[in-house]
Structures are given as structure tokens and as C-alpha cells.
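Remarks on the structure that follows.
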Protein chains: 2
Amino acid sequence: MGIHQSELDKRMEHFRSGCIKAGLKLTQQRLEIFKALAARDDHPDAEALFSSLRSHMPTLSLDTVYRTLWLLNDLGLINTLGPRRESIRFDANLRQHHHFVCLRCGLTRDFESDLLNELPIPEDAHAMGKVLASQVELRGICDSCSQIEAL
Amino acid sequence: MGIHQSELDKRMEHFRSGCIKAGLKLTQQRLEIFKALAARDDHPDAEALFSSLRSHMPTLSLDTVYRTLWLLNDLGLINTLGPRRESIRFDANLRQHHHFVCLRCGLTRDFESDLLNELPIPEDAHAMGKVLASQVELRGICDSCSQIEAL
DNA sequence: TCCTATTTAAGAATTATTCTTATACAGGAA
DNA sequence: TTCCTGTATAAGAATAATTCTTAAATAGGA
Ligand SMILES: [Mn+2]
Ligand SMILES: [Mn+2]
Ligand SMILES: [Zn+2]
Ligand SMILES: [Zn+2]
């Protein structure tokens, strides 16, 4: 469940140098918030990190947790799961298919691939539960956003 | 961009029979909401569907759109994108990896696979934009939820 | 046509997330 | 070390997405 100490140390070091490179102040809050996230492998949300930190840091605010996480996300020091940061999107295409998601504008388009439909699922994954569906998510920059960026 | 008429007809027919099989009333609202979603391939959110329907159905409520979409989702007549319908989850694991997501409880676990790291990306996908990352998302039922279900 | 369980509209409520502003502090300069 | 200042934080208000409550409407079977 937990992360090994050596892996945690590695993550902390990468975080520190990333902050310094970006010119960010190494505040107690940032250190603790990152460490709390880096020590877990269950993909917590902001609220879960907040409450786990509250006992050590009674004055920590939830807003700081959010602000810090999005900042680190923008710097590529952490990631978020799933395509969005917005509202939930729905899909009436029930054929097995895959998605290209634009990191800038959220554009999400379908594509099909017989090859990707038949992925070999590792034993590790089977050990987690019964697998019912698999899909590939590609993240990138759509053509329209690339053009805007080129200006 | 749009969906072909024949594909739309097929989706509508599947929807109708799915509703009847589930004992759902075929209300005007359900028909229109599903049709609006089935006619698009851009994965709209509830608000987008709502505003596209408002001109034809001035008394339609946003709540009905949400209620209908989640209902159809639960019946498997449509899908949602991304992990689940909760808050955003964060991840400090920066190595390329993949996820198993439990459809019941939202448990999200990492797994690694050199094979899945090197997926062949179809030309269709490259045509949509510059691909920066790829990951596989497996959906299923975790062991813990399977046990509960077995009771 | 009538009946009734189901569904809907409307708006209030809730929840996740962001904004505003006054205060605190990290870290460079002296 | 102390001082200074731009950056970061706490607190709570504000906003946006989603859900709940309740009274009215209606699909579809009798
Ligand atoms: Mn899709
Ligand atoms: Mn992960
Ligand atoms: Zn884009
Ligand atoms: Zn589960």
C-alpha cells in the first residue's frame, strides 16, 4: 500500500529541485502537502490530503492544498487523473474505442483501433480485481491549440 | 464532426429497446436528451446538452438532464469519461504507468507494464494533434467490492 | 378514458473549487 | 544576523457543478 522510503526520498528530492528551478519558495506547507501526496499510492483528492495534514498543521487551509496541488500539476511535478478539471462528460458511443484528450482545451475525440482493443493485461492488474473494460487515453495538444500556441 | 444518420438511428433503436427492457417510460425528455447526446461526438457535459435543447424545450430543467444522463449511464446506455463522478484525484507517481479503476468504489491503483508503455498509436490519433503521453485505463470491480457484492 | 406509479420542473441545498484580502514569511541583501 | 519585499498563506466569502425536495404533470397499462 505505502511507498518505500527510498522512493519517497527520490520524490522529495525531485520536488525540491523542481521548486528551486521554478523559483518557488520552499514553504512548510508545500513540503508537507507534497510529502503527504508522495507517500501515498491511492490517488487522494485535495480534501483527503487536507484532513490527513490537519493534525500536524492545524492552521493549514484547504485553499492552500488546492493552490499547491494545481501549481505542482502545472509544473509537471504531480499529475491529475482523468481528462478533466471541469464538469463530467458523457459519451453515447458504446463501441469499444479510445480517446485523444487535448491538455489545453479539453477537446476529446474518439478513435478506433483493433490493436488497442486487444491489449494484453498484466497479471498485476488482474490481481486488483475483475477487469471489465480497457481503454487507451492519449494526452496531447490538438491541432487548433497548436496553431494558437505558434503565434 | 457529426454522426451519420444511420448510426444515429441505430443508437436510438438501441436506446428505445434498452429503456423498454428496463421498464422506463419513454418520455419526451428522455428521447430528446438521448438523441442530443447520440448525435454528437464531442463528449458534451450536461450543461452543453441542456442549452442545446432549451430552444426546442423551453421548460426542460437542468436537473432532468443530469438525472437522465446518470440513469442511462447506470443502465449502460451511455458512458462517462474519466475515472468517476467525484472530486479530482492527484498522483505523485511520475513514472509512466497505468490505472485500474473500480467502478463501484472508485479505488484507483497503479500498475506498470513495459508492453503498455509502447503502444502503437494509430494514424487517426496522430491526425488529431501532437501526442505527448499515453496511458491505459482498466475499469472493473475491485476484490473488496466483489466480496461485498457476493453477499 | 381513467388511474397511478413514475417522472418532471423549479428552485433550494449541497459540495467541490476558486477568489479576495489582510497578514505572514522565505530567502536574498546589507 | 537583521531587514526588506515580493511571494505565499489563512480565512471566509463567492462561484460553479451537481443533487435534493416537493408539488404538479404524464406515460402507459387497465
Ligand atoms: Mn468517446
Ligand atoms: Mn497513478
Ligand atoms: Zn486543444
Ligand atoms: Zn471497489
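The structure displayed is predicted, hence computed values, not measured ones. In what follows, chains are A, B, ... by sequence order, proteins preceding strands, each numbered from 1. All values below were derived from every heavy atom in this structure, side-chain atoms included, with hydrogens, water molecules and symmetry-related copies excluded.
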(message) What is the separation between atom CE on A:Met57 and atom P on C:dC25, rounded to the nearest whole Å?
(response) 11 Å
(message) For a quick test of reading the model: is some side-chain N or O of A:Trp70 closer than 4.0 Å to OP1 or OP2 of C:dT18?
(response) yes
(request) Check the distance between D:dA10's C1' and A:Tyr66's OH and give it to me in whole angstrom. (result) 16 Å
(message) Any side-chain N or O of B:Arg30 below 4.0 angstrom from OP1/OP2 of C:dT7?
(response) yes
(message) I'd like to check A:Gln135 versus B:Val136 (side-chain heavy atoms, cut-off strictly below 4.5 Å). Are they in contact?
(response) no
(request) Determine whether B:His14 and B:Leu77 make a side-chain contact, defined as any pair of heavy atoms from C-beta on separated by less than 4.5 Å. (result) yes
(request) Figure out the CD/P separation between B:Glu47 and D:dT19, and round it to whole Å. (result) 14 Å
(request) State whether A:Thr64 places a side-chain N or O below 4.0 Å from either non-bridging phosphate oxygen (OP1 or OP2) of D:dA10. (result) yes
(request) Considering just the side-chain nitrogens and oxygens of A:Gln29, establish if one lies under 4.0 Å of OP1 or OP2 belonging to D:dA10. (result) yes
(request) For B:Ile20 and C:dT6, give me the distance from atom CD1 to atom C1', rounded to whole Å. (result) 16 Å
(request) Whole angstrom is fine here: how far is it from CG in A:Leu49 over to C1' in C:dT17? (result) 15 Å
(message) Could you check whether B:Glu32 pairs with B:Arg30 (Lys NZ or Arg NE/NH1/NH2 to Asp/Glu carboxylate O, under 4.0 Å)?
(response) no
(message) On the nucleotide C:dT8, are OP1 or OP2 found under 4.0 Å from the side-chain N or O atoms that B:Arg67 carries?
(response) yes
(message) With a 4.0 Å limit, can you tell me whether B:Ser61 has a side-chain N or O closer than that to the phosphate oxygens OP1/OP2 of C:dG11?
(response) no
(message) The side chain of A:Thr59 is closest to which nucleotide in this list: C:dT7, D:dA11, C:dT18?
(response) D:dA11
(request) Quick one: sort the B:His43 and A:His99 rings into parallel, tilted or perpendicular, breaks at 30° and 60°. (result) perpendicular
(message) Without decimals, in angstroms, what is the distance between B:Leu69 CG and D:dT18 C1'?
(response) 12 Å
(request) Rounded off to whole Å, could you give me the CD-to-P distance for the A:Glu32 and C:dA26 pair? (result) 13 Å
(request) State plainly whether the residues B:Arg11 and B:Glu13 are in salt-bridge range, i.e. N to O under 4.0 Å. (result) no
(request) Let me know the distance between CD of A:Gln28 and C1' of C:dG27, rounded to the nearest Å. (result) 15 Å
(request) For B:Lys25 and for B:Asp63, find the nucleotide of DNA chain D with the closest heavy atom, then tell me which residue's nucleotide is more 5'. (result) B:Asp63
(message) For a quick check of understanding: with a heavy-atom distance under 4.0 Å over all strands, which category does B:Leu62 fall into, base, sugar-phosphate or nothing?
(response) base
